[in-house]
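First the structure, in the form of structure tokens, and then the observations on it.
Only heavy atoms go into these numbers, but all of them, side chains included; no hydrogens, no water, no symmetry mates. Numbers restart at 1 for each chain; the letters A, B, ... are given by sequence-line order, proteins then strands.
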Amino acid sequence: MADYKPQELDKKWQAHWTSSKAFEVDTDPSRPKYYCLEMFAYPSGHAHVGHVRNYIIGDVMARTKRMRGFNVLHPFGWDAFGLPAENAAIKTGSLPKASTLANIAHMKGQLQRLGISYAWSREIATCLPDFYKFNQWIFLKMLERGLAYRKRSTVNWCPVDNTVLANEQVIDGACWRCGSIVEPRDLEQWFFRITQYSDELLAGLDTLTDWPEKVVVMQRNWIGRSEGARVKFALTGSPTPFVEVFTTRIDTIYGANFIMLAPEHSLVAEFADRSPDPAAFRARAQAFRSQERDVRMGGKEGFDTGRQAINPFTGQAVPIWVANFVLGEYGTGAVMGVPGHDARDFEFAKLYDLPITIVVEREGERLSAETMTAAHAGAGALVNSGEYNGLPWEEANRRMTADAEARGVGEGTVQYRLRDWGVSRQRYWGTPIPVVHCEKDGVVPVPYADLPVELPEIATFTGRGDSPLAHVPEWVNVTCPACGGPARRETDTMDTFVDSSWYFLRFCDPANTELPFDPAPAGYWMPVDFYSGGVEHAILHLLYSRFFTRVLRDLGLVNFDEPFKRLLTQGMVLKNGAVMSKSKGNVVDPDDMIEKYGADALRLYVMFVAPPEKEIEWSDAGLEGTFRFLMRVWRLVDHWCETIGGEGIPACSDDCTDAERALRRKTHETIRRVTGDIEERMHLNTAISSLMELVNELYAFSEGTARGAPSRAEAPPGRVERAQTIAALHEAIDALVVMISPFAPHMAEELWQRLGHPGGMEKAEWPSFDANVAKAAEVVVPVQVNGKLRGRITAPAGASDDQLRELALADPAVRGHIDGKTIRKVVVAKGTLVSVVVS
RNA sequence: GCGGAAGUGGCGGAACGGCAGACGCGCUAGCCUCAGGAGCUAGUUGGAGCAAUCCAGUGGAGGUUCGAAUCCUCUCUUCCGCACCA
């Protein structure tokens, strides 16, 4: 009788996995590959149970796939750049590099103590030059292809600290440190031209059939394709000949009673210059601009510029307004106001008492501009629209777009919400952007041979002033690679999302010093077969990765479009109803749980409470429950080893008693369900349920022959004599240990060894399902009469529908309900139920 | 406002359109133990009954079907995402 000592097993087998390099892999074209990846971690210092859930999910998949015969790549790395390390440096003086590396070391220990089966030799950290060198390499390639470019853009500026703030550093419009109100400020910044791939990124979504629908929808909305038209309204008394608007409803143009410009529209400046009081005009427009842009419906404001434009369809002059809710970055930055048929325009018109014209009505409908309380934004046929009267709105839309094109006053066009990706960050702890600014040659890329441009070590962080790198003169001042004259390095660093946009490719070839990765191993391992992580990355990270994959494809480095075949977004772990966080004081440290119950119990519990994509509420009691289950498994197998194991196990044959046959059936049924639950449905909780059922069955089976796992108090167990009983138990126990190993690998290894299998579980094979064994010899089929269960019949397995029908109608319990009545219908459903309808 | 997902015991959650509540937690009773926060056995949706069993039951109202937690329509509630994108 051996006691279950999980902590000892954890240590023993983790050491074994490390020394035997159990999870290290190489490309092997002769075997099917499986790339299993969890989103890499930000090294915040301590992983809590919420983080760790994701790694366990991936590990269950990786371990299962290994035993299913796949060559499994399961790597891990660190998303190590980012603001928190820099903020900590500002607050506590800890240097970003030192604190990040220390955090990584600690968290790596945590993951190892959980027994996650990573190929640690492929570990990467984005803050190390051998990784970020290739951020720079890719940046230069994108620069060459016009996919990276500079333009002026607005940032959050703290006027007191005199520094740029990241969005996360702006709290309710104020600086996180000093609380002063943040101002918009224009800076020259770098952008990636993701919009060049808008259409492709949108179309690619249709191929992502193994992604959660929710994520696909979010990306589709984010890309935000809409078809419409640009229409030119001629200007009167202006050097600019016209103002162009974008609309998806050109069919409502006869109702366009005004034009609205975004405050930053170029015409606003021009109008200001030519207005009686330019300063006041500009100030009004500027006031709209600097307001928080997220003023919701109801916060509308605007003013009349005093200028007019000609509606190209009606020929009438309409006033031009500036409106705070018109977006400068979308469409043309100008819209036509159709108050009768757009909720926002209606509100604006009511606010400033502008005229409303009805131009679309449903059949039999009679709208009145005076009495209507909301815009009629829906479908209908045109009225008050000249030659287009009576046309259904969609047809009118097509005709009017064509007519506008013919007359040269507009054109059909497609707009996207997606904007180019601003990658400049005025921060220290990121990848230096590899260009220099030369007075003579302008922006000059750093030659590839000079990569990486390494981050200089900085001693102190104040969080004040412009980019920290600008204050390191010996780093900033260089000679221009083009002319040899004096030049300054770019002092902005890259958004950390650049790192995460291609790190999964680096894992395929992590030591490459010449290229981000070699196309050959990437071609073998990619795409990632299974990717899991938090929903919070549903848009940015996953979209940027899809963008980068296409860029790298166009560079000839990969030959596919989509990096992640199957995606799982795991739910969060709550404690006391809230997401775990240090400030709330409700974090559960996996190390504490491991110390108490061992890694296996923690792993099993987190997988058992709910399906992976659901939120779970942490419960100590639940963890104890799964620990008890492990004890049950341990005692069962321990007992088996003590009494029978190792004595020469006979093979299963057909010479079985009913009980033996039933056990074998349960074993194979469990194999089928567990395999499907893990591989197909990712319902890890029900996979565990099935294993629990098998264990229960084994305990029940042992009653009367030998107790499978007697309580300590009980007398020594009897021996199992019958060969077929031994064979069936052996089959069940082997299968159980293998199938539980993805969840509880340490215990499984120990038991596997005790069961006498050589070579450790890395040599173990997943049990194979035998449909013939799983099939019952006879089936009990319920019989319904008029929807109510009235009897059960026993029939040989594989009985035909006709046989079942006959048996059902002959059954005495059923006869009692149908005699004297007319049988209308008898349905046999998939051989598992008979339904009789009588009247 | 738009979009998505979901509503099942005291709780977490199971149920290819086919015996609702698997599995577990908690709880109840009993056994076993020096003791137990260990182990074992039985019970645990509600109502009726000693019982076998019967009736009701998956947010609500309709519908399709021999048969609906599951599919359709409407409705209520909750959670999530986006949010003045013209």
Side-chain angles (χ1 to χ4, degrees), chain A residues 212-218 220-222 224-226 228 245-250 252 256 260 262 293-300 323-327 329-338 341-345 347-348 377 415-419 535-536 538-539 569 571 604-605 608-611 613-617 619-626 628-629 631-632 635 673 676 683 685-696 699 703 707 709-714 780-789 792 824-838:
Chain A
E213 181 62 20
K214 173 188 182 158
V215 174
V216 171
V217 169
M218 280 167 75
R220 187 170 288 130
N221 292 342
W222 187 260
R225 181 190 149 98
S226 58
V245 302
F246 174 72
T247 178
T248 54
R249 290 294 301 272
I250 193 174
T252 64
M260 291 178 288
R293 249 294 155 63
D294 60 358
V295 277
R296 304 295 183 227
M297 291 276 218
K300 292 187 173 50
N324 65 343
F325 63 94
V326 178
L327 302 172
E329 313 91 331
Y330 184 77
T332 60
V335 297
M336 61 185 204
V338 186
H341 305 282
D342 180 280
R344 296 154 298 184
D345 299 349
E347 195 189 336
F348 196 73
Q415 276 294 327
Y416 296 90
R417 291 178 58 174
L418 184 65
R419 319 239 168 96
V535 240
E536 66 272 21
I539 298 178
T569 51
L604 193 73
Y605 165 66
F608 177 60
V609 240
E613 57 291 340
K614 281 198 78 156
E615 250 175 21
I616 60 179
E617 169 73 25
S619 146
D620 288 335
L623 177 54
E624 271 186 61
T626 45
R628 277 204 288 276
F629 168 66
M631 288 286 293
R632 241 165 111 73
R635 287 198 313 272
R673 281 164 63 188
H683 285 188
N685 56 329
T686 52
I688 296 168
S689 298
S690 300
L691 292 170
M692 287 173 168
E693 282 186 54
L694 179 61
V695 170
N696 290 345
Y699 268 77
E703 298 277 341
R707 296 199 63 80
S711 68
R712 246 181 294 178
E714 268 173 288
V780 177
V781 177
V783 182
Q784 292 180 349
V785 179
N786 283 359
K788 298 229 183 290
L789 183 68
R792 288 167 204 282
R824 296 280 170 206
K825 199 175 204 176
V826 182
V827 180
V828 179
K830 296 168 202 152
T832 60
L833 184 139
V834 181
S835 177
V836 184
V837 185
V838 295

For B:U64, give its Watson-Crick or G-U wobble partner with both distances under 3.5 Å, or none. none
Between B:C16 and A:R673, is there an OP1 or OP2 to side-chain N/O distance shorter than 4.0 Å? no
With a 3.5 Å cut-off and no angle check, do the side chains of A:R632 and A:N696 form a donor-acceptor pair? yes
Checking side chain to side chain contact (heavy atoms under 4.5 Å, CB included) against A:V826, which of A:V834, A:V783, A:V838, A:V837 comes through? A:V834
OP1, OP2 of B:G24 versus side-chain N and O of A:N696: anything below 4.0 Å? yes
Mind checking A:T248 for me? I need base, sugar-phosphate or nothing, with any heavy atom below 4.0 Å counting as a touch. sugar-phosphate
Round to the nearest Å and state the distance from A:E615 atom CD to B:G13 atom C1'. 15 Å
B:A38 pairs with, by Watson-Crick or G-U criteria that keep both distances under 3.5 Å: none
Euclidean distance, A:R225 CZ relative to A:L418 CG, rounded to 0.5 Å: 13.0 Å
For A:N786 and B:C66, is the shortest distance between a side-chain N/O and OP1 or OP2 below 4.0 Å? no
For a quick test of reading the model: is some side-chain N or O of A:T832 closer than 4.0 Å to OP1 or OP2 of B:C19? no
At less than 4.0 Å, is any side-chain N or O atom of A:R628 found next to OP1 or OP2 of B:G26? Yes or no. yes
Presence of A:R824 side-chain N/O under 4.0 Å of B:C66 phosphate oxygens OP1/OP2: no
Establish, for the pair A:K300 and A:F325, whether the NZ or CZ atom is under 6.0 angstrom from the six-membered ring centre and no further than 45 degrees off its axis. yes
When all nucleic acid strands are considered with a 4.0 Å heavy-atom cut-off, which category describes A:P212: base, sugar-phosphate, or nothing? nothing
Protein-nucleotides 3-9 of chain B N/O pairs closer than 3.5 Å?
none

Taking the P atom of each, how far is B:A20 from B:C55, in whole Å? 12 Å
